[in-house]
Amino acid sequence: MEDRTGEFNRKLTVMDGESRVLELSLDDLHKERIFWGRDPGHNDIVISSPAVSRLHGKFKIASQGILFADVGSTNGTYLENAAGKHLIHKNSGYVLLRDGDMLRVQPPDERQGNSVLLLYTESMQEGKWQKYALPASRIAIGRGSENDIVLQHMGISRKHAVIELKVDAYFVSDCQSANGVLVNDNILNGTCRLRDKDVIRILNSILIFTNSGIYYKSSQQGVSLRVRNMNKVVGKGKQILHDVNVDIDSNEFVAIVGGSGAGKSTLMNAISGFDRKRQGTVLFSGLNLDENFSVLKSLIGYVPQQDIIYENLTLNRMLVYTAKLKMPKDTSKVEIEKRIHDVLEMVELSEHQNTYIRKLSGGQKKRASIAVELLADPSLFFLDEPTSGLDPGTEKKLMGTLSRLAKSQGKTIVMVTHTTQSLDLCDKVIFMGQGGRVCFCGTCQEAKMFFDTDNLVDIYNEMAAQPEEWAAQYAGCVPLEPIGFGEGKEAPKKRKFSGIRQFFILTMRYAEIMKNDLPRLALLFLQPILIALLLGIVADDRVFEIYESTKSILFALSCAGIWIGLFNSIQEICKERAVLKREYMGNMKLWSYTLSKFVVQMVVGVLQAAIIVAVFGAVIGLPEKGILMKNSFPEMFVTIWLTITSSMALGFIISAFVKSGDKAMACAPFVLIIQLLFSGILFELKGAGKKIAYATISKWSVESLGSIADLNSLTMKMQEELPGIEHEFQEIFEFAKKHLLSNWTILAAMVAICYVITALMLRNVAKDGR
């Protein structure tokens with residue numbers, strides 16, 4: 001295979017015992033072996049420190065990368081990476097260095113001076129080292145200009161961390177930042193004492209603490225991925241990923257291709273960190289992705305196959321709400337507007353910022369989904385079938401956009417596709433065979449040579465016929481250096497995000513989405529008017545005088561409230577499930593999301609209940625007096641509102657359970673039939689039926705309406721014909737304050753129970769598509 005490492009600048013940053021910084025490119029030395037140590041006469045890299053031996057170690061430029069070996073130093077060399085901290089001595093042989101690996105020489109005691117640090121990085125774009133001199137009593141770190149060390153990234157909080165001098169030592173603390181701090185590749189929980197040459201990572205920035213100052217720099221490059229021994233088994237032992245080993249370098253545009261069932265999306269979900277139920281290791285620029293996912297997930301963008309945008313918002317408003325959810329809460333309005341402007345330019349949608357998303361073309365919607373993910377400035381980008389359903393011209397334009405983003409904006413982009421068009425724009429293509437086997441990984445030209453064909457389409461047929469043979473042949477000709485496995489680290493604490501703030505943002509967004517959907521909004525409020533008018537047509541002239549007539553029309557009014565509530569909510573979650581999944585993966589609180597839906601729909605229910613009761617009263621009339629007050633309208637209104645709200649809550653459970661609007665609507669008749677059968681009005685209930693009735697909305701709604709109408713005091717038709725017959729008193733229609741409030745409480749409790757069930761059921765949204 002062709003060696004493509006020359007495209008990257010493989011740098012070594014050396015910080016000696018006096019905290020002097022030397023940064024050099026290993027490739028620029030033009031040597032196969034590079035020696036380093038204290039003796040100027042025998043070393044290419046000279047490090048003045050008593051902790052370093054005269055001839056300490058050497059680097060080897062090999063086809064697979066940069067190798068390091070200790071040549072018999074006195075103090076040895078520690079290799080620090082995602083696998084932990086390991087001592088390298090003269091008998092260890094060569095080890096392969098990966099992006100972000102650190103080599104440290106630690107003196108046995110302070111008489112030999114400070115430690116020496118060598119930081120190895122692979123990049124196309126790098127910032128310059130800056131220094132903040134010590135001593136200082138307090139050093140503030142963050143995005144805001146008021147900080148002592150200012151780091152520019154939208155995911156960094158305005159006040160992110162602080163380093164303070166306490167007695168004779170420095171301590172670093174996380175200022176409850178949105179995306180956390182790593183100290184020597186360990187997530188910082190609380191406060192940690194700093195020692196000479198400790199490395200602090202804050203998203204795309206590296207800070208090295210020394211006794212004389214803090215060196216720091218930020219990088220706009222993408223990240224590298226090292227995937228080793230990735231396997232996934234589902235069901236009864238079915239293996240859908242087989243020992244996947246791939247390397248993806250910084251700023252590469254990589255496509256995962258293969259036939260149906262080849263495990264393309266499975267592999268992408270596994271290496272993105274969002275699917276944790278698999279075996280294997282993923283290194284994210286040298287950091288173990290699983291162990292540091294709560295911090296690193298802010299640097300990962302993920303665009304699923306379905307669009308993650310709301311069609312009834314303008315593109316700008318969609319991005320504003322997403323920015324408020326994704327960015328730290330201290331991000332100013334000006335910063336959000338600037339970031340949205342920059343992102344729209346990246347995806348070439350600036351002229352459509354005030355266009356409703358429903359009016360965008362298919363390709364523009366794909367780019368809009370990409371814009372949503374770009375807001376948080378991720379370094380690693382995953383896209384699942386972004387070109388699906390696009391015409392060839394639009395597909396090529398989108399591929400060109402992704403290729404440009406990888407190079408000009410410093411992104412590492414991994415996409416899943418089943419087409420071979422425009423693959424020449426990719427830096428690397430991963431060909432997957434049936435059963436989740438990697439049959440090849442490299443450039444399109446290398447793939448043609450490997451499969452001995454001039455047509456990429458033929459590769460599909462070759463892989464389909466002999467997936468195991470091609471996978472074995474590729475593994476044999478491209479041996480990969482294994483990644484060491486250190487001891488498991490303690491699971492990091494999950495970072496806290498304000499659910500209350502999310503609730504307000506989600507509520508405002510949902511309200512605006514509903515406001516912009518005028519046809520649906522008109523239907524929601526026209527419906528209660530029409531239903532009340534229809535009830536007026538079928539009602540006789542003696543409602544609220546004759547028992548049977550009143551009972552029937554109140555039952556119909558209750559059923560109308562149940563239908564209105566179900567219609568309001570039964571499709572509201574399932575139709576935006578793709579957006580919900582992505583936002584949940586990005587730390588959105590499910591209780592905030594669910595509560596926002598309930599609150600907005602409860603407000604809609606208030607208006608609907610007021611309309612239907614008002615029209616009902618105008619057309620048919622209302623009881624002369626109420627139980628709690630002289631006018632019965634407020635009590636009728638509250639009862640119908642609780643009926644609509646509890647039905648709405650039941651609809652949300654169905655919407656959370658199913659995955660499509662069609663399936664949700666198919667459930668609606670069944671739910672209505674249960675309400676009719678077990679209301680206690682159409683049939684006399686006994687045994688199991690009577691117990692089921694306690695869980696129905698219709699029972700408590702009709703009881704409340706019957707109590708307000710004082711059905712027990714009304715005359716039955718039979719009594720008019722036979723005056724001597726007494727009207728049997730029914731406790732369910734008791735005209736009493738306590739009875740009415742008890743029914744209302746039960747309906748309100750149903751709403752609360754449905755809310756909890758909905759929020760719990762939505763936890764399964766993370767499993768969609770797996």
Side-chain angles (χ1 to χ4, degrees), residues 9-26 36 45-49 51-52 77-81 85 97 99-107 113-123 125-145 147-153 156 160-165 169-175 177 180-186 188 192-221 223 285-287 295 379:
N9 191 357
R10 300 185 287 194
K11 284 187 176 181
L12 192 69
T13 301
V14 181
M15 195 162 290
D16 65 18
E18 301 301 321
S19 298
R20 290 185 293 259
V21 176
L22 171 65
E23 189 171 48
L24 53 90
S25 171
L26 294 176
W36 62 277
I45 303 173
V46 179
I47 304 176
S48 300
S49 171
V52 176
T77 309
Y78 286 94
L79 172 65
E80 298 179 18
N81 54 26
K85 185 175 181 179
L97 295 182
D99 187 23
D101 281 0
M102 294 178 286
L103 298 171
R104 191 187 300 271
V105 181
Q106 189 73 45
N114 298 320
S115 63
V116 172
L117 180 71
L118 293 85
L119 176 64
Y120 174 71
T121 56
E122 299 173 352
S123 67
Q125 306 173 45
E126 275 286 353
K128 293 184 178 179
W129 287 101
Q130 300 180 65
K131 180 181 180 181
Y132 185 87
L134 296 178
S137 59
R138 187 177 189 275
I139 305 100
I141 304 169
R143 192 183 73 251
S145 59
N147 290 284
D148 301 295
I149 297 178
V150 179
L151 305 176
Q152 296 297 337
H153 190 284
I156 295 176
H160 199 102
V162 63
I163 296 175
E164 295 179 285
L165 177 63
Y170 283 93
F171 292 81
V172 60
S173 303
D174 186 345
C175 299
S177 63
V181 178
L182 294 173
V183 178
N184 296 328
D185 295 345
N186 293 297
L188 175 63
C192 172
R193 180 177 178 176
L194 292 174
R195 303 182 186 279
D196 186 55
K197 307 302 187 308
D198 276 349
V199 177
I200 302 169
R201 297 181 192 263
I202 299 177
L203 294 187
N204 67 329
S205 297
I206 297 176
L207 301 90
I208 300 178
F209 174 83
T210 72
N211 294 331
S212 64
I214 300 170
Y215 292 84
Y216 63 96
K217 71 173 179 178
S218 298
S219 171
Q220 294 304 317
Q221 68 184 68
V223 302
S285 286
L287 299 175
V295 172
S379 300

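Numbers for residues simply follow the sequence, beginning at 1. In this text the structure is predicted, and so the values were computed from the model without any measurement.
Of all the heavy atoms in Ser173 and Leu188, the pair that sits closest is C-CD2, 4.0 Å. Across all non-hydrogen atoms, the minimal contact from Arg193 to Asp198 is O-OD2, 4.0 Å. In this structure, Ser115 and Pro107 approach most closely via the heavy-atom pair CA-CD, 3.7 Å. Closest approach of Leu165 and Ala136 over heavy atoms only: CB-O, 3.8 Å.
Val172 has its side chain out of reach of Val162: every pair of non-hydrogen atoms, C-beta onward, lies at least 4.5 Å apart. Taking 4.5 Å as the limit, some side-chain heavy atom of Ser48 sits within range of a side-chain heavy atom of Arg20. Side-chain contact check for Tyr216 versus Ile141: every heavy-atom pair is 4.5 Å or farther apart.
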- side chain to side chain contact (heavy atoms under 4.5 Å, CB included) between Tyr120 and Arg10, intermediate numbers included: CA-CA 7 Å; Tyr120 174 71; Arg10 300 185 287 194; 3.3 Å; yes
- Hey, mind stepping through Arg201 and Val181 against side chain to side chain contact (heavy atoms under 4.5 Å, CB included) and telling me if it holds? CA-CA 6 Å; Arg201 297 181 192 263; Val181 178; over 6 Å; no
- Message: Quick one, Leu97 with Leu79, criterion side chain to side chain contact (heavy atoms under 4.5 Å, CB included). Give me CA distance, side-chain angles, the key distance, then yes/no.
- Response: CA-CA 9 Å; Leu97 295 182; Leu79 172 65; 3.9 Å; yes
- Task: May I have the step-by-step check of side chain to side chain contact (heavy atoms under 4.5 Å, CB included) for Arg104 and Val116, ending in yes or no?
- Result: CA-CA 6 Å; Arg104 191 187 300 271; Val116 172; over 6 Å; no
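To the nearest 0.5 Å, the span separating NE2 on His160 from SG on Cys175 amounts to 8.5 Å. Interatomic distance, OG1 of Thr13 versus OH of Tyr215, reported as 12.0 Å (0.5 Å rounding). Annotation: the span from Ile139 atom CD1 to Leu207 atom CG amounts to 10.5 Å, rounded to 0.5 Å. Rounded to the nearest 0.5 Å, atoms CD1 (Ile200) and CD1 (Ile214) are 6.5 Å apart. Note that CD1 of Ile163 and CG of Asp148 are 10.0 Å apart. Values are rounded to the nearest 0.5 Å. In this structure, CG in Leu134 is found 7.0 Å from OG in Ser212, a value given to the nearest 0.5 Å.
Under the side-chain contact (heavy atoms from CB on, under 4.5 Å) test applied with Val199, the options Val183, Leu119, Ile206, Leu182 reduce to a single match, Ile206. For the side-chain contact (heavy atoms from CB on, under 4.5 Å) with Leu117, the qualifying choice from Glu80, Gln106, Met102 is Met102, the only one to do so.
Looking at Asp16, its side chain never comes within 3.5 Å of a backbone N or O of Ile47 through a donor-acceptor pair. The main-chain N or O of Thr210 is never found under 3.5 Å from a side-chain atom of Arg195 such that the two would form a donor-acceptor pair. Of the possible polar contacts, none joining the His153 side chain to the Ile202 backbone as a donor-acceptor pair under 3.5 Å is found. Side-chain N or O atoms of Asp174 include one that pairs as donor or acceptor with a backbone N or O of Ser177 at under 3.5 Å. Side-chain atoms of Asn147 do not come within 3.5 Å of backbone N or O of Ser145 as any donor-acceptor pair. With hydrogens and angles disregarded, a donor-acceptor distance shorter than 3.5 Å links the side chain of Arg143 to the backbone of Ile156.
The six-membered or imidazole ring of Tyr170 lies near that of Phe209, with a centre-to-centre distance under 6.0 Å.
A salt bridge links Glu23 with Lys217: at least one charged nitrogen is closer than 4.0 Å to a carboxylate oxygen.
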